[in-house]
Amino acid sequence: MMTGAEIIVKSLEQEGVEVVFGYPGGAVIPLYDKLYDSPLKHILVRHEQAAAHAADGYARATGKTGVVIATSGPGATNLVTGIATAAMDSIPMVVFTGQVALPAIGRDSFQEADITGITLPIVKHSYLVRDVNELASTIRSAFYLASTGRQGPVLIDLPKDIQMAEAEFSYPQEVSFRGYRVPGEPNSAMVYQTAKKIGLSRRPVIYAGGGVISSGAAEEIIGLAEKTNTPVVTTLMGKGAIADDHPLSLGMVGMHGTYYANYAVSHCDLLIAVGARFSDRVTGNLDTFAPHAEIIHIDIDAAEIGKNVGVQCALQGDVKLVLQELQRRIEGKPQSEKWLEQIACWKEEHPLTYEQDGDEIKPQYVVEQISELTGGNAIVTTEVGQNQMWAAQYYKAKKPRCFISSGGLGTMGYGLPAAVGAQLGCPDQLVIDISGDGSFQMNLQELATIVQYQLPVKIVILNNGYLGMVRQWQELFHEKRYSQTELIPVPDFIKLAAAYGIKGLRVQRTEDVPSVLEEAIKYPGPVIVDCVVAKEENVFPMVPAGGSLTNMLGG
Amino acid sequence: MSHILAILVENQSGVLTRVAGLFSRRGYNIDSLAVGQTHDPGVSRMTIVVDGDSRVIDQVVKQLDKLVDVIEVSDISGDEHLDRELVLIKVEAEPEVRGEIMQIVDIFRARIVDIGHHSLIIECTGDAGKIRAIENSLKPFGILELVRTGKIAMVRGQKYGEG
């Protein structure tokens with residue numbers, strides 16, 4: 001016989017879990033007692049939200065399922081933003097929350113929160129365990145659900161008495177669901193039809209999203225692009241699916257996409273959407289989105305097909321399998337020479353650019369230097385806002401799983417804890433959090449976690465003293481009425497670094513940027529680089545919300 | 001257009017919340033909902049009537065199908081089907097009008113299931129049109145209370161000479 005707490009720990013070991021992120025509290029004391037003797041590595045964060053983001057960053061960097069533990073009530077509610085972040089970006093995660101004992105549920109007990117209820121819209125599935133005999137199979141099911149099909153977070157709520165109750169332990173290898181099926185191979189007639197369409201196209205574009213990363217299909221995307229000479233635009237989530245400096249890569253599409261990516265989508269005759277969900281930040285005005293194109297949609301989630309945009313051809317299945325099958329079927333190459341010439345012309349005439357004037361450091365320059373110094377081989381996490389968009393535009397990612405950013409939910413404070421998770425998942429890789437002064441302050445307590453586990457994360461703060469993206473909108477659309485967006489005083493980040501025992505470097509002149517970044521990268525431990533950048537720099541190009549992709553400001 | 005969805009779900013706590021929550025979260029309106037256990041005690045069947053064009057219904061069906069506890073979803077509006085609702089109506093019925101009420105009950109093939117000093121309870125099953133009609137017919141007598149189930153529906157069996 002084993003207690004519920006022991007069963008949880010043994011089940012995690014059976015799942016091959018190496019690291020869990022969590023924070024103890026009253027309702028998980030029995031579980032933490034068993035973790036004390038376990039070889040499982042537990043990372044103690046300083047706020048539960050960070051546990052969820054760190055597990056999420058770990059999952060994105062490694063492809064494995066992230067695991068989170070928090071206590072009941074406030075511990076559980078603090079996870080909500082992190083769970084929602086993972087849900088929006090389809091990140092595999094299993095979340096364990098403590099709960100008050102079964103007889104105390106529903107009585108507004110101390111630290112009771114209906115967390116399965118609260119998280120209902122933001123989980124793939126959830127369980128409240130009512131019988132210790134079902135605990136092991138519940139954990140097995142949760143890991144299976146989180147990591148298969150369209151991935152996502154699964155929550156298991158663990159009443160305290162269940163953790164202490166006893167049962168025989170046997171870990172099931174099989175799972176069975178009556179209503180859950182994992183799509184695999186696509187319909188072969190549809191694949192044949194799609195291959196034919198691609199061969200007949202004159203102006204094809206591949207639009208690659210996060211599904212390409214999660215299904216491990218980067219190689220297949222590049223293969224398809226090269227075989228058919230088709231240019232590729234990526235979403236924020238799809239960044240890294242193809243190297244940003246690949247000749248067929250057009251960079252990011254959408255609100256802050258490149259001129260040539262947006263023009264290519266707006267003028268193509270065939271748009272091949274792969275693992276992407278036609279988010280409003282990508283499409284702009286739906287009525288003018290890809291107006292000349294037939295759309296092929298390849299996705300694992302049937303509900304994404306036709307959700308935002310009507311499509312002519314749908315292939316439901318695992319993106320990797322679909323692309324492999326598609327490549328086998330493709331015979332004719334599109335006659336796309338003229339199209340590629342046109343795109344080369346757009347690239348030449350409207351490159352991604354910024355003005356390097358005066359002595360102020362341009363944030364784009366900082367990111368460009370990071371890109372050069374690392375060769376695009378570092379794992380970059382971002383916060384949300386201007387820092388995120390500059391990172392997406394100017395960091396030339398070489399491979400998948402090395403650009404980690406909160407896409408769907410747009411969660412400020414994500415990047416630092418995500419970097420913690422990424423560094424733990426990939427201890428030998430260079431991990432850099434490209435941050436803004438606002439976002440950084442939303443989860444800066446995690447500096448303690450970084451120090452505790454000696455994680456050599458580099459935090460580059462693009463410090464402009466503003467909630468920059470909102471300020472940009474206020475400048476462009478609200479007559480510069482900067483309502484509550486000046487974040488003054490900005491704390492002295494160097495002193496803050498010192499308070500945590502972290503190396504701090506400040507850079508205020510453009511010519512010092514490369515050497516300071518190099519010093520930070522070479523330093524064996526964590527570093528905060530405070531880059532004092534031009535205060536009112538804007539992210540361009542920009543498609544105003546709801547506008548057409550060809551109608552860009554600053555293109 | 002109104003669509004009738006027949007949904008088989010795991011008979012577990014929280015399933016109704018998951019289904020109903022999905023409707024409100026994605027902005028779909030439930031016109032009627034009925035749920036009960038099937039001949040398999042592990043499975044419940046929901047009948048949900050929802051209004052929307054075919055694109056909306058397509059999304060509703062796909063989103064429902066994604067719920068782990070949902071075993072099967074089908075839109076049966078296009079199939080030959082039977083649908084029924086049940087209504088209980090407590091109507092004011094002094095002795096002098098009871099004969100008239102009983103005639104109405106007969107016409108609708110409804111039943112009187114309770115007799116009080118001043119009231120009768122009438123039970124009637126049928127499609128939405130019939131339920132509306134009996135309700136209208138009884139209104140003049142004074143309806144004291146009315147409760148109706150949501151619609152339940154089932155596709156007709158295959159007939160000889162088909163398929």
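Every chain is numbered from 1, with letters handed out A, B, ... down the list of sequences.
- In this structure, B:A20 and B:I30 approach most closely via the heavy-atom pair CA-CD1, 4.4 Å.
- Salt-bridge formation is detected for the pair A:R181/B:D65: a Lys NZ or Arg NE/NH1/NH2 atom is positioned less than 4.0 Å from an Asp or Glu carboxylate oxygen.
- Contact annotation for A:S141: neither backbone nor side-chain heavy atoms come within less than 4.5 Å of a heavy atom of chain B.
- When each of B:V70, B:V56, B:V9, B:V73 is scored by its heavy-atom pairs under 4.5 Å with chain A, the top score falls to B:V70.
- Contact of B:V68 with chain A is made through backbone and side chain together, with heavy-atom distances under 4.5 Å.
- Surrounding CD of B:E145 are at most 12 heavy atoms belonging to other residues, nucleotides or ligands under 6.0 Å away.
- The heavy-atom pair separating A:S406 from A:T85 by the smallest distance is OG-CG2, 3.6 Å.
- Using a 4.5 Å heavy-atom threshold, the side chains of A:D301 and B:K66 count as touching.
- Of the two parts of A:L128, neither the backbone nor the side chain holds a non-hydrogen atom closer than 4.5 Å to a non-hydrogen atom of chain B.
- For B:L67, the part lying near chain A is the backbone, with the side chain staying farther off; criterion is any non-hydrogen pair under 4.5 Å.
- Looking at B:Q12, neither its backbone nor its side chain comes within 4.5 Å of chain A, counting heavy atoms on both sides.
- Ring-plane geometry between A:F96 and A:F143 is classed as tilted, the angle between the planes lying from 30 to 60 degrees on a 0 to 90 degree scale.
- B:R25 touches chain A through its side chain: at least one heavy atom from C-beta onward sits under 4.5 Å away, while N, CA, C and O do not.
- For a residue to count as touching a neighbouring chain, one of its non-hydrogen atoms must lie under 4.5 Å from one of that chain's; by this rule B:E72 does not touch chain A.
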